[in-house]
Structures are given as C-alpha cells and as structure tokens.
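Data first, discussion second: the structure below is written as structure tokens.
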2 protein chains.
Amino acid sequence: MTKARNALNRAAYVAAALDVIGEVGVDKLSMRNVANRLNVSPMAMYKHFPTKDDLLAASLEEFISRANVVPDAGLPWEQWVGRVARGMYEALCGELSWVPLLGSLRVGSQAIAVTEAFVGKLCAAGFSVEQALRAYFAVIQVVVGAVCLRASLAARTGPRPGSLDAVVPPSGPGSARREKMKAVSGELEVFLRRDQIEIGLPLVIDALRAQLKETRI
Amino acid sequence: MTKARNALNRAAYVAAALDVIGEVGVDKLSMRNVANRLNVSPMAMYKHFPTKDDLLAASLEEFISRANVVPDAGLPWEQWVGRVARGMYEALCGELSWVPLLGSLRVGSQAIAVTEAFVGKLCAAGFSVEQALRAYFAVIQVVVGAVCLRASLAARTGPRPGSLDAVVPPSGPGSARREKMKAVSGELEVFLRRDQIEIGLPLVIDALRAQLKETRI
DNA sequence: ACCTGAACACCGTTCAAGT
DNA sequence: ACCTGAACACCGTTCAAGT
C-alpha cells in the first residue's frame, strides 16, 4: 500500500523538520538538513513536498496541531477566547522563528479546525455567525501582531533601538510637551517588555462584550 | 567631508534597494542585485551596511518615512487614529513582500517618530501617557495582524485552501450545528476577502472610546 | 517506478590582493 | 584608506542517469 508508506514518510519528514526548527529555527531550515537528519537524499523529499514552502506549510500545520490551543468547553466565552489567544501567543513565542512567515504561508485544515471551534463557541454564547467570524479574525490579528512586536523586541540587540528624545522636534516654547515626551520615552521600554498579548487582547474582548450586550437588548 | 559622501552613498543604496524591492519584492532582494543596479561591487556596500539585515532595516525605515502616514492635526482623535492605521495598512498592502520580516527587523527612528506623534495626539485628547502607549501598541498589533492575514490570503493559489466542511466532526445528532457550520464555511471566504483592517480596527477604537469616557467621569 | 548524484544558478560573507 | 575579484560554504531546484 504505497499510500500508507507515503503518509508515513510525509509525517516523518514533517517531524524531522520540526526537530530541525526546534534546534536551529525556521529560517535555518533547509531541504538538505532535513534530509540529512533522515539519512536520505534531499531529492527524495520532492516527491512529498514539491517545494520547500510545502514542507514549511505542513510543518506549521503540525505545529498548530501540537500547540493544542482549543481549551475545554464549559468555560465562559471571555475566558475561552482568552485561553485560545494566549495559547497561540505563547506557542508562537516559544518558536519565534515562525514569525517571519506567519503572513506568507497557506492556512490549512488545522488552522480551520481552530476557526470552527471558535465560531461554534461564540455562536453558543449568543453571537451571530458574522459577529463570531469578525471576532475570530480580530483576535487572530491581535495575536499575530503581538507576536510580531514581541519578536522585533527580541531581535533588538542593544537596549535602545533609537531614543525617543532624539526624535522630539525642538519645539520652541512647548516645554510641557517636552516633559510629557520624556515620560513617553521612559515608559516605552516598559511597554515593549510587557506581555504584548495583554495589551491588545483585553481591548478586543471588552469591545466584544459591549457588542454582545447591545445585541441582546 | 567623508561623512557627507558616506551619507549620500547610504541613501543611494537604500533608494536602489527600494527600487529593487518594488520590482522583485523584499524576498528577492540581494546584496548582489542592489550593487549591480549601482554598477558597483557588492562588497562596497559592506562599508555602509555590515549585514544584509542592516540594509533591510534602513530600507524599511525609508519605506515608513515615504508612506507618510501621520495625518494633519485638527482631526478628532478617532479619525486621526483611523487614518494612521489605514495608512500603514495600505502602505504595507502595497508592498506585501515586507510582511515576512515585519517581526524580525529592528525599529528605527522613523517608526519612533510615528509613536511620538500618536502618543502626543491621544494625550491631547485626554488619554494618559500609559493609556496612549497601550492604545498605540494595540493599533500596531491590529495593523500588523491585518496585513499578515491579507498577505496569507494573497499567497493562496486556489480558491479553497482546505474546506471547513472537511473538518467539521461527524457529530451524530447535531444537525443544527452542522447547518451553522455550513454557513460559516460560506462566509469564511467573504471574510477573508474583506479589508482586514476594517475587522479589528473598529473594535479597538470602540474600546478606546469607552475607555476615554470612563476616564473623564 | 522509484531514488540519487552531479550540476545549475543563485545566495551572504570573508579575505587577501590590488590601487 | 578605499575598493575589488575570487573563493567559501551554503541554498532551492532540475535533470539525466542509475537501480
């Protein structure tokens, strides 16, 4: 049964790819080092993955599946949504090297399974399908954006990428403004180091709560 | 004055890099093709940009600067914030190839100039510095996330990356659920094609408006 | 039918050698 | 001091040649 053998090999390649990614990061993954890990010719992979991007997409699928972000039912929707979002955020923060291609890979069935669970949960809570989908994409946007900001923080080497003070225009009399900007500069670092997901997510959940209340009236 | 010559060359390299990016995309940019465009040895660039990432970071700076997203003052803060966010979104959608490295490049002074303007505007509207910074990062998260989703939509070749129906579990008696999921599947495409920024941004602005009202009481 | 090694056309970066 | 060409160690992918 060649189908079964193919399926096994595919999974083996993806598992090996995830191993490589865990060791050297997504950016350093290559067809060659995955094949070497399996003691096989790099060309053998092209039967299962016509392109490196196909291998990466399959690996991201498996990564999403392993992250297991969908929580138990039974939680109130706010907490349920929070758990999904924080679960995704933490999983991606654990493998920041995914970030550069979060926007360029195809979404597959694993990602859609999460969508389905999300929409189901929110519909059960009283949202319309349209509202639930809108909420889902808003949450995904915040998660992806938060991970990107977190990653670009991690990429910075020195403590200051450029000082806010250097940018404040030399406004003649505006000394109050200058003082406020000094406060901004001071707090900027603090904000960058904070858990990014706790910045955007509460705002979105608040807005959703208000939306639901308005719908029910 | 070597300083001036260096500055000129730096700008010339960045301009050439942006030309190349405009033609073939960020992913296809290389030290070699930028140098070729300027009829110079690829090695000459290493004096100004010790690494390809330095060239990319400088190019992103210039890209941000050219996008010119900070609108005129005088707009009410909601509209002002909306203009900044939509401006960023549209600029990045116009050059989607930036997306893969949105999370991996250092932020420079141009980005900080936008931060400063944003915080200044919201403080003038009555937000605290802390609230304004929080709002800024939330908006950036939504913009980046929206661009990522938009990009991953653009990356899809076929119309269906995987059908929702294929994922719905064969729940025995739950026929109402199945029907709802069919509706989800139908609307998913519509949502993916919609302007992503109009999904997350209104939610965030709503939450900010509520926050401001509460503060003022 | 399947797998492979060599080869192609790239890449970022190093470094000794030119001027 | 500055710039350069050749070279190193990679890369994704093609393809003719093996079994």
Side-chain angles (χ1 to χ4, degrees), chain A residues 1-60 97-98 100-101 103-106 155 157, chain B residues 1-60 97-98 100-101 103-106 155 157:
Chain A
M1 202 189 270
T2 61
K3 185 77 190 305
R5 184 154 71 92
N6 280 3
L8 179 70
N9 285 351
R10 239 188 98 91
Y13 285 129
V14 168
L18 284 179
D19 286 348
V20 171
I21 287 168
E23 283 172 22
V24 300
V26 173
D27 39 317
K28 295 277 203 311
L29 176 125
S30 73
M31 301 298 268
R32 280 172 164 94
N33 55 15
V34 173
N36 283 350
R37 172 172 293 255
L38 262 34
N39 286 327
V40 85
S41 155
M43 297 307 104
M45 308 171 67
Y46 281 81
K47 272 277 131 67
H48 304 281
F49 310 96
T51 260
K52 187 192 177 185
D53 266 6
D54 293 294
L55 174 62
L56 278 175
S59 303
L60 180 56
S97 59
W98 278 116
L101 26 102
S104 60
L105 287 185
R106 295 183 279 299
T157 52
Chain B
M1 200 190 271
T2 61
K3 185 78 191 304
R5 184 154 72 93
N6 280 4
L8 179 68
N9 286 351
R10 239 188 98 90
Y13 284 129
V14 169
L18 284 179
D19 286 348
V20 171
I21 288 167
E23 284 173 22
V24 300
V26 173
D27 39 317
K28 293 277 201 314
L29 176 124
S30 73
M31 301 298 268
R32 280 171 162 94
N33 55 15
V34 173
N36 283 350
R37 172 172 292 255
L38 261 34
N39 286 326
V40 85
S41 155
M43 298 306 106
M45 310 172 65
Y46 280 81
K47 272 274 130 69
H48 304 281
F49 310 96
T51 259
K52 186 192 178 185
D53 266 7
D54 293 293
L55 174 62
L56 278 175
S59 304
L60 180 56
S97 60
W98 277 116
L101 26 102
S104 60
L105 287 184
R106 295 184 281 299
T157 52

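In the text below, chain A, chain B and the rest are named by the order of the sequence lines, each starting its count at 1. Just so we're clear, the structure is a prediction, and the values are computed from it rather than from any experiment.
Of the side-chain N and O atoms in A:Thr51, one or more sit less than 4.0 angstrom from OP1 or OP2 of D:dT13. For D:dT13, the OP1/OP2 oxygens have a side-chain nitrogen or oxygen of A:Tyr46 closer than 4.0 Å.
When both distances must be under 3.5 Å, the Watson-Crick or G-U wobble mate of C:dC11 does not exist. Pairing of C:dT19, defined by two Watson-Crick or G-U wobble distances under 3.5 Å, is identified with D:dA1.
The A:Ser30 side chain lies nearest to D:dC11 when the options are D:dC11, D:dT4, C:dC11. Of the listed nucleotides (D:dC3, C:dC11, D:dT13), D:dC3 has the atom at the smallest distance from the side chain of B:Lys47. Comparing D:dG5, D:dG12, C:dC3 by their closest approach to the side chain of B:Ser41 singles out D:dG5. Of the listed nucleotides (D:dT4, C:dT4, D:dT13), C:dT4 has the atom at the smallest distance from the side chain of A:Val40.
By the 4.5 Å heavy-atom criterion applied to side chains, A:Leu101 and A:Leu60 are not counted as neighbours.
Looking at heavy-atom distances under 4.0 Å, A:Met43 makes contact with a base. Residue A:Leu29 is classed as a sugar-phosphate contact, given heavy-atom separations below 4.0 Å to backbone atoms only.
Atom CG in B:Asp54 sits about 13 Å away from atom C1' in C:dT13, given to the nearest Å. Nucleotide D:dG12 holds its C1' atom 18 Å from the NE2 atom of A:His48, rounded to whole Å. Rounded to an integer number of Å, the gap from CG of B:Leu55 to C1' of C:dT13 is 14 Å. The distance from atom CG of B:Asp27 to atom P of D:dC11 is 19 Å, rounded to the nearest whole Å. With rounding to whole Å, B:Lys28 atom NZ is found 13 Å from C:dC11 atom C1'. Atom CG in B:Asn33 sits about 12 Å away from atom C1' in C:dG12, given to the nearest Å.
Proximity of a side-chain donor or acceptor of A:Thr51 to a complementary backbone N or O of A:Asp54 within less than 3.5 Å is not detected.
Note: B:Leu56 CG to B:Trp98 CH2 = 5.5 Å, rounded to the nearest 0.5 Å.
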